[in-house]
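One structure below.
By convention in this document, chain letters (A, B, ...) are assigned in the order of the sequence lines, proteins followed by strands, and residues within each chain are numbered from 1.
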There are 2 protein chains.
Amino acid sequence: MLTQAAEDYLKSIYKLQEKGGKVSTGILAEFLDVKPASATGMIKKLKSMNLVSHQRYQGVTLTDAGKAVALEIIRHHRLLELYLNKALGVPWDGVHDEAEKLEHVISEEVEARMDEILGYPTADPHGSPIPDKNGVVPEIQSIPMTDLQNGQSCVVAEVSDNDAALLRHLGSFNLYPGTAFKVIEVAPFDGPFTIDIAGQQAVIGREVAKNIFVNNVEPIDTV
Amino acid sequence: MLTQAAEDYLKSIYKLQEKGGKVSTGILAEFLDVKPASATGMIKKLKSMNLVSHQRYQGVTLTDAGKAVALEIIRHHRLLELYLNKALGVPWDGVHDEAEKLEHVISEEVEARMDEILGYPTADPHGSPIPDKNGVVPEIQSIPMTDLQNGQSCVVAEVSDNDAALLRHLGSFNLYPGTAFKVIEVAPFDGPFTIDIAGQQAVIGREVAKNIFVNNVEPIDTV
DNA sequence: AATTTATTTTAGGCATAACTAAATTATATA
DNA sequence: TATATAATTTAGTTATGCCTAAAATAAATT
């Protein structure tokens, strides 16, 4: 059995690996809010269990076994988030923290039952893909909202899930995955976005927009 | 925040206290499968937190605060057992172990949602009473099955929950809480019970019968 | 009162996981 | 290429938490 800390390291390595191949000790340490020396220690431990490969000064990579564990934890997390939200009515800004604790503890049996009850879903309440039980991650096509230009319409695909206040803010505009909106105006000099959601106007700051990813983007209005 | 071990000690002290007032160090240690010295250590720790009262060589008692914690954990456990069984379809012989892990981790919010969804239940799948959120434990009237005599009919009130194999065995006879049965014969010299459940006969060994508690006991057939 | 039993204290072990400080290695710059 | 800077690793420390064996002490029993 793995410790909770070990599982958290594996999950983090997976996430960081997603965006840029090899994961340096420093980046990993920063992500987990520990000192680099601590990360080195855990990396050595995980390496001795053949969950990561690592050569000094070259960064870590998950082995197949390590990736399987990481995906299992992520699957737990995302299924739990969806289950908590859909079946238990926990608001979407609260599911992350709860899932963070439960993910290390639930059995495969309970996971399978939740999966079935939810109808084998492919995305959690924030739009993040749920790996299937074989570790296959559904592809989600999306671009950052900050890439949008005036007049473009689109649908929310995914939002960052780790900031409850941000989620409450987005919720107040109904900016959930699946919600369509259109860009009315992008203020110059990296300013905020004015958008139209179901006839309602809303102003979304750029820092907030960075946490929103969209798809089904329609081409710019050309008069 | 309390550690999981501390919560387990409090829960154990509560259960042992139920059956006989003060709880000795030795009994507690045996119950938790640790050495007496370990129990003494934890007792000191719990005492420093005002969760138990204790004077050397005199056994432990929960304080009001300690009792509140114990009942909260027990409430978590039993609500989880029922939720896992009813809402997620986990078989009754599997819910105990799963709840044992989850009970230390779920939030009050999730607990409240489960409680509501289950309709504010008062007993878990094994018939054990679920304390309410104020720590009030519903009374369950019952006597040991081993007190029954020939010809008496009754209803299963509660069974021990910690032995999965026993639960599967009872399940094979439909001996769930709420099930009615009648004693056909009690074999002499502390022998097994032959009972009738909905027209089916079953033989229940005495060791098994010790784990079954019944109520609604009808008087003996007097011809 | 002597002996047995139970409890407590003492002293120490082990596992986990973090940290600091110093040494090492890699990378960037002059 | 030499040197400065940055990143990583090593080594040793600290803290938590729970456990144990052995010795000391108290309580119960004969």
Side-chain angles (χ1 to χ4, degrees), chain A residues 1-17 19-62 66 69-70 73 100-101 103-105, chain B residues 1-14 16-17 19-63 66 69-70 73 100-101 103-105:
Chain A
M1 263 310 310
L2 289 169
T3 62
Q4 183 166 326
E7 290 184 346
D8 285 337
Y9 271 89
L10 291 171
K11 194 171 65 162
S12 301
I13 294 166
Y14 178 85
K15 288 183 175 177
L16 293 169
Q17 203 168 267
K19 348 193 164 180
K22 287 229 187 82
V23 177
S24 75
T25 303
I27 295 284
L28 179 59
E30 192 191 352
F31 190 79
L32 284 161
D33 199 25
V34 296
K35 303 296 170 196
S38 307
T40 299
M42 182 60 87
I43 288 166
K44 285 172 83 169
K45 185 176 165 181
L46 294 173
K47 186 178 182 179
S48 78
M49 293 189 267
N50 285 310
L51 296 169
V52 300
S53 34
H54 178 247
Q55 16 209 17
R56 311 159 78 241
Y57 297 95
Q58 295 300 117
V60 250
T61 322
L62 294 174
V69 173
I73 306 295
E100 204 71 20
K101 295 178 298 175
E103 67 188 8
H104 303 289
V105 158
Chain B
M1 263 308 312
L2 289 169
T3 62
Q4 183 166 327
E7 291 184 344
D8 285 337
Y9 271 89
L10 290 172
K11 193 171 65 162
S12 301
I13 294 167
Y14 178 86
L16 293 169
Q17 202 168 269
K19 350 194 162 176
K22 287 231 186 80
V23 177
S24 76
T25 304
I27 295 284
L28 179 59
E30 191 191 354
F31 190 79
L32 284 161
D33 199 26
V34 296
K35 302 297 168 195
S38 308
T40 299
M42 181 61 86
I43 287 167
K44 284 174 81 170
K45 184 176 165 179
L46 294 172
K47 185 178 183 179
S48 79
M49 295 189 267
N50 287 309
L51 295 169
V52 300
S53 36
H54 177 247
Q55 17 210 15
R56 310 158 76 243
Y57 298 94
Q58 295 300 117
V60 250
T61 323
L62 294 174
T63 62
V69 173
I73 305 295
E100 204 71 21
K101 296 178 297 175
E103 66 188 9
H104 303 290
V105 157

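- In this structure, A:I43 places its CD1 atom 18 Å from P of C:dT16, rounding to the nearest Å.
- When the nucleotides C:dT20, C:dA17, D:dG17 are ranked by their closest atom to the side chain of A:T3, C:dA17 comes out on top.
- The residue A:T25 sits close only to the backbone: its heavy atoms come under 4.0 Å of sugar-phosphate atoms, none of a base.
- What separates NZ of B:K35 from C1' of C:dT8 is a distance of 16 Å, to the nearest Å.
- Rounded to whole Å, atom P of C:dT16 lies 16 Å from atom CD of B:Q4.
- A straight line from CG of A:D33 to C1' of C:dC19 spans 13 Å, rounded to a whole angstrom.
- Base contact: B:S38 has a heavy atom under 4.0 Å from a base atom.
- Within 6.0 Å of atom NZ in B:K101, more than 12 heavy atoms from other residues, nucleotides or ligands are found, so the atom counts as buried in its surroundings.
- Rounded to an integer number of Å, the gap from A:L2 CG to C:dT16 C1' is 13 Å.
- The CD-P distance, from A:Q58 to C:dA26, rounds to 8 Å in whole Å.
- Counting atom types as modelled, A:Y57 pairs no side-chain N or O with a base atom of C:dT25 as donor and acceptor under 3.5 Å.
- When the P atom of C:dT25 is taken as reference, atom CD of A:Q55 falls 15 Å away, rounded to whole Å.
- A donor-acceptor pair under 3.5 Å links the side-chain atoms of A:K47 to the main chain of A:H54, judged by distance alone.
- Nearest to the side-chain atoms of B:R56 among the listed nucleotides D:dC18, C:dT9, C:dA17 stands C:dT9.
- Here the side chain of B:A37 is nearest to one of C:dT16, C:dT9, D:dT8, namely C:dT9.
- Between C:dC19, D:dT10, D:dT20, one nucleotide has an atom nearer to the side chain of A:V34 than all others, and that is C:dC19.
- For B:L46 and D:dC18, the CG to C1' distance is 13 Å, given to the nearest whole Å.
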